[in-house]
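Reminder, nothing fancy here: chain letters follow the sequence lines and each chain counts from 1.
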Protein chains: 2
Amino acid sequence: MKSGDMANLKQIAAELSLSVTTVSRALKDGPEVHPLTVARVKEVAKRVGYVPDHHGRALKTGRTMTLTAVLPMETSDYLSDLAKLPLIEGMTLAARQTGYSLSIYSTTPDDDPVESMRRLLQARSADGLIITRMVSGDARVKLLLDQAIPFVTFGRTDLDIAYPYVDIDNEQIAYDATRRLVDKGCRRIALQLLVPKDQASATRLIGYRRAMAEAGIPIDQSLISHGTFTMESSAAWFDRLLASSDPPTGLACANELGLLGALHVLGKRGLALGSDVHIVTRDSTRLARFLPAKIGVHSVDMAAVGRTLVEVLERRITDPAGPVEAILFKGEFDAGE
Amino acid sequence: MKSGDMANLKQIAAELSLSVTTVSRALKDGPEVHPLTVARVKEVAKRVGYVPDHHGRALKTGRTMTLTAVLPMETSDYLSDLAKLPLIEGMTLAARQTGYSLSIYSTTPDDDPVESMRRLLQARSADGLIITRMVSGDARVKLLLDQAIPFVTFGRTDLDIAYPYVDIDNEQIAYDATRRLVDKGCRRIALQLLVPKDQASATRLIGYRRAMAEAGIPIDQSLISHGTFTMESSAAWFDRLLASSDPPTGLACANELGLLGALHVLGKRGLALGSDVHIVTRDSTRLARFLPAKIGVHSVDMAAVGRTLVEVLERRITDPAGPVEAILFKGEFDAGE
DNA sequence: CGCTGCAATCGTAACGTTACGATTGCGTAA
DNA sequence: TTACGCAATCGTAACGTTACGATTGCAGCG
C-alpha cells in the first residue's frame, strides 16, 4: 500500500508554515496550540486526507493499535465451532470502534500453544493478546503475567493467580440443562463433553454433578463421554448407549454436531424426541425451532462475548494497574416450553 | 507488548563490536559480510532472542507484512456463512507460513463498502487487501487498481479490466445441480439465490439457465427467488411454492439455511425427500449424510480457497508486474449415489 | 524601561530499521 | 615502493512520529 502521495505531518506543516511539532499537537488538540491554528491544521489535514502513519507512531510510542486473537482451528468439522464466527465479528467490530485492528492467529492442533505464543510475543506486533481454549494449569497465563503483557482469556483456568478473563458460565449451563432433563422425568442422563483437560468441559461436569446430586441421582460414569465430537462419533456413541440394557432417556449435547448425530440415531431407531428421549443442547436456537419436538437450548450471545473480550483487553492496555476484570456470561436458557 | 528488554540490532552490534549495518546485513545473509561474522552474529541474535522489530522495518521499507481481509458480517444468522470460518483459517495459516499476519476487517451491512475501504487504505497498515462479496460493477476494484494497491478478490465482478481473483465456479455448480435434478426427472425446478446484485448469484443463474435450456425446459420466473435466506424465510417461500397449482419437484438451495428450511417444510407436509421432491445443495456434506434420502451436495474446500487467496495476493505484492492470476475452484459434486 | 510570566511555537533527538556511499586493511601487480 | 582492486566493515541519513526542552513574542507589572 505504498501509493506514494500519502500525506504526512511534514507536508501539512510546510503548507501552513508551521513546525511538524505544532501540527502533531494540533491534531490531537494539544492545549498548547492556538485554537485558530488547530482549526487551520485540521482543515488542511482533512483536505489532503491525512491519516497518521501506523508504523511511525508505533515505533515512537511503542503502541501498535493492534490486538491479536489466538484461535485454535478445529480439525473435525467446521460446523463444530459455529460460535467462533460471531465471536470474531464481535471482536473486530469492537476493536475497530476504538481505533484498534484485530489480527487473527490460527493455531493448528500440531502447534504447541505455549511455543507459538512465545513466537507471537517476540514480534511484539500487538498491544495485547486474546487467548482462548484454556486448559488446566494453562502455562500461557503465567508467561503473559511474567512478561507483563496485556491479555485477556476467553475461558478460565485453575491457577491461584488473578488474571483477566471473560467466560461463559458453563457450570450454570450444565446445571440448567441437567435440571431440565430431571424435571422431564429423566434419571438416566447422558452427557457429552470435550477432552478432559478442556477447562470448559470440566466446569460443565461440575454443573451436571450438582444437578444430579440435588435430584438424588447417582452418577453413572458410563453415561459421560469425553471426546472430540463429530456427527459420526456422536451418533456411534449415543447408539451404543441406547443399545445398552439400561439406556439413557436424557441427553445433554456438547454442541450442534453432537445434537445432529444424536438426532440421526433417534430417527434410525424410531425413537421419539420429547417422549422416549429428551435432549438439551447449546447454541442451536435456530435449528431447534425446526425440530419436531421442543428441546432445551442454552444460548450465549457470542458477538457480545467478543466485544467484551476486546473491551476488557483495551482497559488492560490503557490501565495496566487497574482492576483485574472477570466477567461471566450467563446466556439464556430456553427450556422449550 | 513493551517488555522493555527486547533485543535490537544495536545491542547485538555492541556486544560484538560491530556496526549496526553489518549486523543487519549479516542477519539476512548479505554477501558482503564475512561468513564467520555472519555465524557469530546469528549466534548472538539467537541467544538474546532477537526478532526484527516490525514497525522499524515497516517504517523504513514501507512493507508491513500484514494482509487485511475485508469480510462482511451476516445479519440473518451465523449459520448462514459456515464457509467463512475455514476460509479465515486457511488465510491465516497461509499468511503465517510466509511471515505475514492477517488482519480481519469486518464490515456491517450499514457500512458503505467503498467508503470503509477508503479509510482502510489511508491507514496504509497492510501490504495488500483481500476483498469479498463482490457486487456488479464493483467500485472497489477500480479504486484499488487506480491506487496501485495489491489486492485479490474472492469472487468476480463484471468489469472490462483484468484484476486478480479467486472464485468458485458457481456457474458449473448451478449447472451440475440443475442437471442432477433434471436427471432425476424433475421439470419444475425451484432455485434459491441471494440478492440480484450479488455476483455469485448472477453466475449461478446462468448455470441454471444453461442446464434448463439443454433439457428443453422453459424457465418459470416464479420458481426463482432472490433474497437473504434464513431458515424461516426459506421455509415460507418453499411452502408457498408447494401450495401452488403446479408445485416444484426439485429444489436447488442457496446454502445450508435454505436446505434446513426446505426440509422442515417437507416434513410438515409429509412429502418424501428423494421421491416427491429432490434437493441439491452446497457445502453441507456432513449434514447430507444424515438425511433420510440422498441429496446432491456440491462442496468446495474453503480452506484451500483461503490459502490460494493469500498466495495470489503475496505474489501480487512481490511482483506487481507479474501475470494477473484468475483462479477458479471447481469443487466436488457428490450426486448422492 | 526592564523584568517576569505566559501563550504559542519551534528544533532536535529518538524509536529500530535499512540503503547508500564511504572507508579500512590487505594482498598483489607494476 | 606505490598504486590498485577487492573484501569487509563502517557512518550517516532517512522513514513518520512524538517527547522534551528550548525559544519567541508580547502583555502586565513595578
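Among pairs with a residue in residues 42-52 of chain B, those fulfilling side chain to side chain donor-acceptor pair (under 3.5 Å) read B/E15-B/R47, B/D29-B/K42, at least two apart in sequence or across chains.
Side-chain contact between B/L144 and B/M117: present, with at least one pair of heavy atoms (C-beta onward) separated by less than 4.5 Å. In this structure, A/T64 and A/Y100 have side chains that are not in contact, with every pair of non-hydrogen atoms separated by 4.5 Å or more.
A/T308 contributes atom OG1, which lies 12.0 Å from atom CG of A/D167 (distance to the nearest 0.5 angstrom).
Contact between A/A95 and A/L67 at its shortest, heavy atoms only, is CB-CD1, 4.4 Å. Across all their heavy atoms, B/P72 and B/T132 have their closest contact at CD-OG1, 3.2 Å. Across every non-hydrogen atom of A/H55 and A/D53, the tightest pair is N-OD1, 2.8 Å.
In this entry the distance linking CG of B/N8 with C1' of C/dA14 reads 12 Å, nearest Å. Between the P atom of D/dT18 and the NZ atom of A/K10 lies a distance of 15 Å, rounded to the nearest Å. The interatomic distance linking B/H55 (NE2) with C/dT18 (P) rounds to 14 Å, in whole Å. Per the geometry, NZ belonging to B/K60 stands 13 Å off P belonging to C/dT17, to the nearest Å. Atom CG of B/L9 is separated from atom C1' of C/dA19 by 14 Å (rounded to the nearest Å). Between the CG atom of A/D53 and the C1' atom of C/dT17 there is a distance of 14 Å, given to the nearest Å. In this structure, A/R57 atom CZ and D/dA19 atom C1' are separated by 14 Å, rounded to whole Å. The CG atom of B/L59 sits 9 Å away from the P atom of D/dC15 (whole-angstrom rounding).
Residue B/Y50 has its side chain nearest to C/dT17 when only C/dT17, C/dT18, D/dT18 are considered.
Between the axis at the start and the axis at the end of the helix from C/dC1-D/dG30 to C/dA30-D/dT1 there is an angle of 80°, using five pairs per end and rounding to 10 degrees.
Between the side chains of B/R316 and B/Y163, not a single donor N or O lies within less than 3.5 Å of an accepting N or O.
Contact annotation: B/K28 side-chain N/O to C/dT18 OP1/OP2 distance is under 4.0 Å.
Taking the ring axis of A/Y105 as reference, the NZ or CZ atom of B/R96 stays within 45° of it and closer than 6.0 Å to the ring centre.
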> Just by protein heavy atoms under 4.0 Å, how would nucleotides 4-11 of chain C read 5' to 3' in B, S and -?
Replying inline: ----BBBB
